[in-house]
Amino acid sequence: MTASIVGWAHTPFGKFDAETVEGLVVKVANEALADAGVAASDVDEIMLGHFNAGFSPQDFTASLVLQANPALRFKPTTRVENACATGSAAVHQGIRAIEAGAAKIVLVVGVEQMTRTPGPEIGKNLLKASYLPEDGDTVGGFAGVFGKIAQSYFQKYGDQSDALAMIAAKNHKNGVANPYAQMRKDFGFEFCRAESEKNPYVAGPLKRTDCSLVSDGAAALVLTDADTAKKLGKAVNIRATAHAQDFLPMSKRDILQFEGCTVAWQRALQKAGLQLSDLSFVETHDCFTVAELIEYEAMGLTPKGQGARAIKEGWTLKDGKLPVNPSGGLKAKGHPIGATGVSMHVMTAMQLTGQAPEGMQLKNAQLGGIFNMGGAAVANYVSILEPAK
């Protein structure tokens, strides 16, 4: 065990014209501290996950967390960024502060406000998480990048449109029970599979239902050392973490392998003394359905090129042998970039304490895995959580 999560907060994800980055940060920071039963004055350090990249005119946002409570003034506060894995990067930095003995209580906040940005600028901002000399002119922005990945996968392993539609349908169905999800609608396989006016092709073989949502939202959690956690009302222990950073240019690696994902999973499972089959569920980074498909293979659930088996044979459904994205994932929940990784840790902690919303709660969840990815398998973060005994 490296640290414990003792409290959390989560806004709904969606389109919020009346909200600001500052307002979202303040809301979840105060709610997470209250949920943990921790006074602001007792916080030793603060981490803020905020990608930004032009979405918000206000940059240099670390100190916005201090607006939550005057007692946070002068606390060491750092903004962390690692593309779409920004939230997990912030969580892992908080854990490292506790492991190093530099802090006993760390407040971690993740936030993004994306929907106020015009469509073309959204694509341009997201492309900043790719290697611009190679990908900067990609039509369709980051969807275009993953559209190329999907096309390459199809060329190598055959048309996987059925599997992608099944992943989309699964995650949308799961999201119905998640009150924090941006899109709570069970579209069904047929809608996700068929091209239509409401579900057009976006990039390559990817349709609208294959792409995560542009979102606003925030999440926060409170981390403590083991001794402090024992004195508080609830605790979810961080059993292991791992971070593997890969080359940014896709030309320097086999993009169909997601090798950084594999390395991060292997490191985390080894540290935890576990096998993938020991996990009760996984929250994984389904920025696009093809990403979840390849992640099945990268985490070791299926051999290379056989990821479709996991969804077609029901392994990753809520009642399958390894439920994946019981929260609805990024596909249904939304993807406010800086908040996503923190949200994944909050959703996992809820499951492990039996506090997930009705309909989303899994039976007897004992070990939860998290994979949060920045860029096209560039920043790869894995966390393994378990309830405090």
Side-chain angles (χ1 to χ4, degrees), residues 2-3 5 8 10 13 47-51 53 80-96 108-112 126 129 142 146 171 180 212-213 215 217-221 223 236 238-246 258-269 271-272 276 279 281-296 298-299 324-352 368-385:
T2 57
I5 300 171
W8 51 78
H10 200 299
F13 287 175
M47 301 292 175
L48 173 69
H50 183 210
F51 175 64
V80 181
E81 183 276 319
N82 216 355
C84 302
T86 287
S88 285
V91 174
H92 282 213
Q93 286 302 111
I95 293 167
R96 288 167 72 89
V108 181
V109 179
V111 68
E112 210 73 56
L126 292 175
F142 222 70
F146 273 87
N171 291 347
Y180 304 101
S212 59
L213 301 159
S215 311
L221 53 83
L223 296 166
V236 174
I238 311 289
R239 179 140 170 186
T241 60
H243 168 207
Q245 197 85 1
D246 206 346
F258 279 25
E259 293 161 281
C261 174
T262 299
V263 170
W265 271 110
Q266 289 174 344
R267 288 176 180 172
L269 288 167
K271 284 183 188 177
L276 188 69
L279 300 182
F281 67 97
V282 166
E283 288 286 338
T284 204
H285 194 97
D286 59 321
C287 50
F288 301 92
T289 52
V290 69
E292 181 168 326
L293 182 71
I294 297 174
E295 285 157 20
Y296 293 161
M299 72 172 73
V324 174
N325 288 331
S327 70
L330 285 58
K331 180 79 269 290
K333 190 175 54 163
H335 184 23
I337 295 176
T340 288
V342 183
S343 167
M344 291 170 126
H345 285 79
V346 169
M347 293 291 155
T348 301
M350 285 180 173
Q351 287 283 2
L352 295 172
I370 297 163
F371 174 68
N372 187 197
M373 176 175 77
V378 177
N380 303 276
Y381 290 82
V382 171
S383 301
I384 297 174
L385 277 56

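On a predicted model such as this, the values are computed, not experimentally measured, just so you know.
Contact check for P326 versus M347: no side-chain heavy atoms found under the 4.5 Å cut-off. Taking the side chain as every heavy atom from C-beta outward, C287 and F142 never approach each other to under 4.5 Å. I337 has its side chain within reach of L126: a pair of non-hydrogen atoms, C-beta onward, lies under 4.5 Å apart. Counting heavy atoms from C-beta on, the side chains of L352 and F281 come closer than 4.5 Å. Looking only at side-chain heavy atoms (C-beta outward), T284 and M299 come within less than 4.5 Å of each other.
Nearest heavy-atom pair across G217 and A339 is O-CB, 3.6 Å. The minimum heavy-atom distance between N82 and A89, with the atom names listed, is CB-CB, 4.1 Å. The two atoms that bring F146 and A291 nearest to each other are CE2-CB, 4.0 Å, heavy atoms only. Here the closest non-hydrogen pair linking A218 and V111 is CB-CG2, 3.9 Å. Of all the heavy atoms in A298 and F258, the pair that sits closest is CB-O, 3.7 Å. Considering all non-hydrogen atoms of both residues, V346 and A220 come closest at CG2-O, 3.6 Å.
Note that the CE atom of M47 and the CD1 atom of I95 stand 10.5 Å from one another [nearest 0.5 Å]. A distance of 7.5 Å separates OG of S327 from CE of M344, quoted to the nearest 0.5 Å. From D246, atom CG reaches atom CE of M373 across 11.5 Å, with rounding to the nearest 0.5 Å. Rounded to the nearest 0.5 Å, atoms NZ (K331) and CD (E292) are 11.0 Å apart. The OG1 atom of T289 sits 12.0 Å away from the CG atom of L330 when rounded to the nearest 0.5 Å.
No donor-acceptor distance shorter than 3.5 angstrom exists from the side chain of T86 to the backbone of G338, with no hydrogens or angles considered. Judged by distance alone, the side chain of R239 and the main-chain N or O of I384 form no donor-acceptor pair under 3.5 Å. S215 places a side-chain N or O within donor-acceptor distance of the main-chain N or O of H335, the cut-off being under 3.5 Å. Between the side chain of Q266 and the backbone N or O of A268 there is no donor-acceptor pair closer than 3.5 Å. Of the possible donor and acceptor atoms, one in the side chain of H345 sits under 3.5 Å from a partner among the backbone N and O of G341. Side chain of E112 to backbone of F51: a donor-acceptor contact under 3.5 angstrom is found. Under a 3.5 Å cut-off, the side chain of T2 and the backbone N or O of I238 do form a donor-acceptor pair.
Shown are L279, V236, T241; of these, the side-chain contact (heavy atoms from CB on, under 4.5 Å) with L385 is made only by V236. The one candidate from T340, N372, N380 that meets the side-chain hydrogen bond (donor to acceptor under 3.5 Å, both in side chains) condition with H285 is N372.
By the 30° and 60° cut-offs, the orientation of the rings of Y381 relative to H243 is parallel.
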Please step through side-chain contact (heavy atoms from CB on, under 4.5 Å) for the pair K333 and S212, ending with a clear verdict. CA-CA 8 Å; K333 190 175 54 163; S212 59; over 6 Å; no
Carefully, step by step, assess L223 and I5 under the rule side-chain contact (heavy atoms from CB on, under 4.5 Å). CA-CA 5 Å; L223 296 166; I5 300 171; 3.7 Å; yes
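Remark: Y296 engages no residue in a ring-ring contact (aromatic ring centres under 6.0 Å, His included) (not counting sequence neighbours).
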